[in-house]
Amino acid sequence: MTKKIFINEKDIYDFWEKEKIFSADLNSKKPKYSLLIPPPNLTGELHLGHAMQHSILDALARFKRMQGFDVLLLPGVDHAGIQFESTFDKKLSREGLTKQKLGRDEWLKKAWEFKEDIYKSVSGSWRMMGLSADWSREVFTLDEKCQNAVFEEFKTYFDKGLIYRGPYIVQWCPRDQTAIEDVEVEYEQRKEKLYYLKYGPLTLATVRPETKFGDTAMAVNPKDARYKDYVGREFEIETLHGKKMMRVIADDAVDPKFGTGVIKVTPGHDFTDYEIGKRNNLPIIHVINKEGKLTDVAGKYAGMKVAAAREAMLPELREKGILVKEEEYVHNVSVCERCKSTVEPIISEEWFVNVSEMAKAAVKVIDAGEIEFFPPNYKKILTEWLSDIHDWCISRSLWWGHRIPVWYKGKEMKVSQESPGEGWKQDEQVLDTWFSSGLWPLSTLGWPFANAQGKPEKTKEFERYFPWDFEISAPEIKYLWIARMIMISNYFTRQVPFKTMFFHGMLRDLQGRKFSKSLGNGIDPIYLIDQWGVDATRMALYTYSIPGRDGRVSKQILDERGKNFRNFGTKIRNIAKFVLELKPQDTNSLRSTVYGLQSKNKDDKWIKEELEKLIKQVTKNLESLELHLAVDDIYNFVWHDLADKYIEKSKSRRGEAQMTLEYVLKNVLIVLHPFMPYLTEEIYQMFDKTKTSIMLEEWPS
RNA sequence: GGGCGGUUAGCUCAGUUGGUUAGAGCGUCACAUUGACAUUGUGAAGGUCACAGGUUCGAGUCCUGUACCGCCCACCA
């Protein structure tokens, strides 16, 4: 084989791609090992978490390939509904454009162009980590095959009666103008005021006086002796629009210890109150609209934003003797995970899926141990969530996504991918991003199945690579994504989507905070790569790759580690230079050394024993997904055993040691390759070798 | 209010089923040195492993409790 000299990392990557070493082979006789890359959101940069995730995936893929598996490492991108749309709308507003001005069709056209731009700028950096993915199979969640899969999913649920549309109280983000899921809501601790209001004979406490226009009852706990005599009776109460009769009801949801033990019931704008309202047949009054402003029922406060209206009405409440007391109150306010605006519970027409049966079935397969979780306690975390699941609100008032495949004509309704004909109008909403992401393990392999005759027939890809052997995720999307993949996959295929589920920890700043754009505390992996190289950056990240363990990092700490592993790379380069470039004239090439390792010298025997231990350890640690330990083992062996001890001693018997040196170095390169792919390939090419690339070498056993 | 995780050297963290003097990197100090490598080598200092009990021949590791930090879940308006 000819030796190759590479100019830089990209040069090596291109070489691998050209040799098609990343491609999975459907017709391979080897056993398969499939890994599914979590599709990054199409909103911009690769962040540290991605970089770590990709590094872990790639190490395993390379390891399995060398172990003789036909590896599929499948890449893809997620359209990321809300996130993409808000990024794009911000860009439009800088150009003086709005959704309204453009209209849906024009907006979508521009959105697709923007998508292409973003994709181009980010896909390069995703590859830069060295990801040995099969790019020929890359999937985007809005590709035709995903569209088909999503339609099949929707239609199946619909036909089985699991999908329904109805008014429901949802978490509404007034800024993103869409309903969001419970799991997309964050809580922010805020100091507000608790207002005591006089309602007829009773006094109650509330933090939201502005919703009083929507009150339809007062409620107390049925066990509360103080109010026993009031229950079931109506009282005249003073409102801002004059006097009004209101009933007192009893409901278990009322906590007698809160405030005065009496609450006002506003079924239109509070989750508890909505439930109370349902149980007691209370009417629903809309006080807040989808822009977060008060409606006409608020009289002169109509049109004001919630917070402003609250302030504005206080003087009148005081004056009329309704507001009798105020106190400081610290509580959690719901905010939108994406844009951080206060979320309003409001009633909206939305689509839902009843997932309780699916979830039950998912709990069964998880309990049966069909998926191995890292760390193992996630098994319990997921089954508990699935056991207590609510109907899934799948509609979003966005334009970027899979449009709900329902068409209307007068009172008629049809589920169809294409327009059923003249006069039919499609539903305006799109599906929740996770509706398509939940299908990811299936849609990436060609589900739904149909042959030329339209009969179901599994694709070859699906037959071979499903279920996936390995999936990885950040813990924060365990419910949004992981639980749903398990549930949906099991529903459609009666199989788990993946056999191993790895949750990595979250990288945080030194105060333990998440990295976020708004805090400006992010660390750009591209910076680390520029500074220390891809391999060193990967190594630094592996030290944080322990399942479920968060890590605290700063730019300084990552620089330290990056520098350290860059030095390690230099160490190996120097070892290679010592062993291969400066070798004595009278020694043979590596090829002969493989057969001639019978040296009786005690140093030779020692280093070979240590090497064997290393190989065993690294193999074991990779198999048990403890990459940090594998990295540590190699580091110690190379630096302290091989370089500091063995090489130093070998200097007095250089020629004799040559064969052992080459043998050890070559094996070190192989076991290090999953972690530092570029460096190891570069040095491998300096050997008189038998394989085109180190990627094709066999893992030593 | 429930559930989970963390607490080990100045900093960031390892420590795999309990087993000798508890480890790494960075930082600090001393010495060496152009010898594959100054992106170096040798050595040193630095820890009552959060705290209190318990199990054990033996506990950083297992059990109970406490404190602090963090995360997730939850309809306290």
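We name chains A, B, ... by the order of the sequence lines, and we start the count at 1 in each one. Values below: every heavy atom of this structure, side chains too, minus hydrogens, waters and symmetry copies.
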Practice prompt. On RNA chain B, check which nucleotide each of A:Val553 and A:Asn636 is closest to and give me the residue with the more 5' one.
Written response: A:Val553

Discussion item. Among B:C26, B:A36, B:G3, which nucleotide has an atom closest to any side-chain atom of A:Lys380?
Written reply: B:G3

Worksheet item: Tell me: CD1 of A:Ile477 to P of B:C71, nearest whole Å?
Response: 18 Å

Worksheet item: So what does A:Tyr544 hit on the nucleic acid, given a heavy-atom distance under 4.0 Å: a base, only sugar-phosphate, or nothing?
Response: sugar-phosphate

Discussion item. As a test of reading the structure: which of B:A14, B:G3, B:A77 is closest to the side chain of A:Ile263, going by heavy atoms?
Written reply: B:A77

Worksheet item: Taking any strand in view, what nucleotide pairs with B:A24 in a Watson-Crick or G-U wobble way, both distances under 3.5 Å?
Response: B:U12

Worksheet item: Which part of the nucleic acid does A:Arg561 contact within heavy-atom distance under 4.0 Å: base, sugar-phosphate only, or nothing?
Response: base

Item to complete: Write down the distance separating the P atoms in B:A24 and B:G15, rounded off to the nearest Å.
Response: 15 Å

Fill in: Separation between the C1' atoms of B:C49 and B:U40, rounded to whole Å
33 Å

Practice prompt. Once you apply the 3.5 Å cut-off to both distances, tell me the Watson-Crick or G-U wobble partner of B:A67, or none.
Written response: B:U7

Practice prompt. Could you please name the option among B:G6, B:U40, B:G25 that lies closest to any side-chain atom of A:Trp639?
Written response: B:U40

Item to complete: With heavy atoms under 4.0 Å as the rule, sort A:His269 into base, sugar-phosphate or nothing.
Response: nothing

Practice prompt. Under 4.0 Å between any heavy atoms, over every strand shown, what does A:Tyr635 touch: base, sugar-phosphate, or nothing? Just pick one.
Written response: sugar-phosphate

Fill in: Partner residues of A:Ile389 under the side-chain contact (heavy atoms from CB on, under 4.5 Å) criterion, sequence neighbours left out
A:Val355, A:Ala359, A:Trp385, A:Leu386, A:Met487

Worksheet item: Salt bridge check: are A:Glu610 and A:Lys613 linked by an N-O gap of less than 4.0 Å?
Response: yes

Worksheet, complete the sentence: Pairing partner of B:C62, by Watson-Crick or G-U wobble and under 3.5 Å for both distances, is B:G54

Worksheet entry | Cation-pi, A:Trp392 ring and A:Arg484 (6.0 angstrom, 45 degrees) | yes

Practice prompt. Write down the distance separating the C1' atoms in B:C11 and B:G53, rounded off to the nearest Å.
Written response: 32 Å

Response to the item:
As its Watson-Crick or G-U partner within any shown strand, both distances under 3.5 Å, B:U34 has none

Worksheet, complete the sentence: Taken to the nearest whole Å, OH/A:Tyr378 to P/B:C71 is 13 Å

Item to complete: Rounded to the nearest angstrom, tell me the gap between atom CH2 in A:Trp532 and atom C1' in B:G25.
Response: 14 Å

Practice prompt. Calculate, to the nearest 0.5 Å, the distance between atoms OG and CG belonging to A:Ser437 and A:Leu480 respectively.
Written response: 9.0 Å

Discussion item. Students often get this wrong, so: under 4.0 angstrom with heavy atoms, is A:Ile647 touching a base, only sugar-phosphate, or nothing?
Written reply: base

Worksheet item: If you look at every strand shown and take non-hydrogen atoms under 4.0 Å, does A:Ala643 touch a base, only sugar-phosphate, or nothing?
Response: base

Item to complete: Find the distance A:Phe568:CZ to B:A36:P and express it as a whole number of Å.
Response: 19 Å

Discussion item. Using whole Å, what does the distance between atom P of nucleotide B:G25 and atom CZ of A:Phe565 come to?
Written reply: 10 Å

Worksheet item: B:C26 phosphate, OP1 or OP2: any side-chain N/O from A:Asn564 under 4.0 angstrom?
Response: yes

Response to the item:
Closest of B:U16, B:U12, B:U40 to the A:Asn621 side chain is B:U16

Worksheet item: Base, sugar-phosphate, or nothing: which does A:Gly548 touch, judged by heavy atoms less than 4.0 Å apart?
Response: nothing

Worksheet item: Nearest to the side chain of A:Glu648 - B:C11, B:C37, B:A14?
Response: B:C37

Worksheet item: Which part of the nucleic acid, if any, lies within reach of A:Asp644 when heavy atoms closer than 4.0 Å are counted: base, sugar-phosphate only, or nothing?
Response: sugar-phosphate

Item to complete: Can you tell me, in whole Å, how much space there is between the C1' of B:G54 and that of B:G18?
Response: 15 Å

Worksheet item: Atom CG of A:Leu528 to atom P of B:U12: distance rounded to whole Å?
Response: 18 Å

Worksheet item: What do you reckon, are the aromatic ring centroids of A:Phe568 and A:Tyr635 less than 6.0 Å apart?
Response: yes

Worksheet item: Taking only N and O in the side chain of A:His628, is any of them less than 4.0 Å away from OP1 or OP2 of B:A24?
Response: no

Item to complete: Using a strict cut-off of less than 4.0 Å between a Lys/Arg side-chain nitrogen and an Asp/Glu carboxylate oxygen, indicate whether A:Glu210 and A:Lys212 qualify as a salt bridge.
Response: no

Worksheet item: Of the candidate nucleotides B:C72, B:C13, B:A77, which contains the atom at the shortest distance from the side chain of A:Val207?
Response: B:A77

Worksheet item: Between atom CD in A:Glu384 and atom C1' in B:G5, what is the gap in whole Å?
Response: 15 Å

Worksheet entry | Lys NZ or Arg CZ of A:Arg552 over A:Tyr544 ring: under 6.0 Å, within 45° | no

Discussion item. Just verifying a value: how many Å separate A:Ile347 CD1 and A:Ile284 CD1, rounded to the nearest 0.5 Å?
Written reply: 4.0 Å

Worksheet entry | Whole-Å C1' distance, B:G19 and B:U56 | 12 Å

Discussion item. Going by purine N1 to pyrimidine N3 plus the second Watson-Crick contact, or the G-U wobble pair, all under 3.5 Å, which nucleotide sits opposite B:A45?
Written reply: none

Worksheet item: Which value, in whole Å, describes the distance between the P atoms of nucleotides B:U66 and B:G5?
Response: 16 Å

Worksheet item: Among the nucleotides B:A77, B:G15, B:C26, which one has an atom lying closest to any side-chain atom of A:Thr206?
Response: B:A77

Polar pairs (N or O, both sides) under 3.5 Å between protein and nucleotides 28-32 of chain B?
none

Worksheet entry | Atom C1', compared across B:G47 and B:G10: separation rounded to whole Å | 12 Å

Worksheet entry | Pairing partner (Watson-Crick or G-U wobble, both distances under 3.5 angstrom) of B:G2 | B:C72

Practice prompt. Just compare B:A24, B:C4, B:C13 and give me whichever is closest to any side-chain atom of A:Asp632.
Written response: B:A24

Worksheet item: Nearest to the side chain of A:Arg508, which nucleotide is it out of B:G25, B:C71, B:U16?
Response: B:C71

Worksheet item: Is there a donor-acceptor pair under 3.5 Å between the side chain of A:Thr206 and the backbone N or O of A:Arg208?
Response: yes

Worksheet item: Once you round to the nearest 0.5 Å, how far does CG of A:Leu611 lie from CG of A:Asn667?
Response: 5.0 Å

Item to complete: Could you check which of B:A36, B:C26, B:C72 has an atom nearest any side-chain atom of A:Tyr479?
Response: B:C72

Fill in: Integer angstrom distance from the P of B:C69 to that of B:A30
40 Å

Taking only distance into account, with no hydrogens and no angle test, what donor-acceptor pairs under 3.5 Å do side-chain atoms of residues 637-647 of chain A form with protein atoms, sequence neighbours excluded?
{"from": "A:His640", "atom 1": "ND1", "to": "A:Asp644", "atom 2": "OD2", "distance (Å)": "3.1"}
{"from": "A:Tyr646", "atom 1": "OH", "to": "A:Asp604", "atom 2": "OD1", "distance (Å)": "2.4"}

Discussion item. For a quick test of reading the model: is some side-chain N or O of A:Lys193 closer than 4.0 Å to OP1 or OP2 of B:A77?
Written reply: no

Discussion item. Within the 4.0 Å heavy-atom criterion, would you say A:Lys577 contacts the bases, only the backbone, or no part of the nucleic acid?
Written reply: sugar-phosphate

Worksheet item: Start at the 5' end of RNA chain B and walk down; is the nucleotide closest to A:Leu642 or to A:Asn567 reached first?
Response: A:Leu642

Worksheet item: Could you state the interatomic distance from CD (A:Glu682) to CE (A:Met686), rounded to the nearest 0.5 Å?
Response: 7.5 Å

Item to complete: Answer with base, sugar-phosphate or nothing: what part of the nucleic acid does A:Lys651 contact at a heavy-atom distance below 4.0 Å?
Response: base

Practice prompt. In whole angstrom, give the distance that lies between atom CD1 of A:Ile546 and atom P of B:A24.
Written response: 17 Å

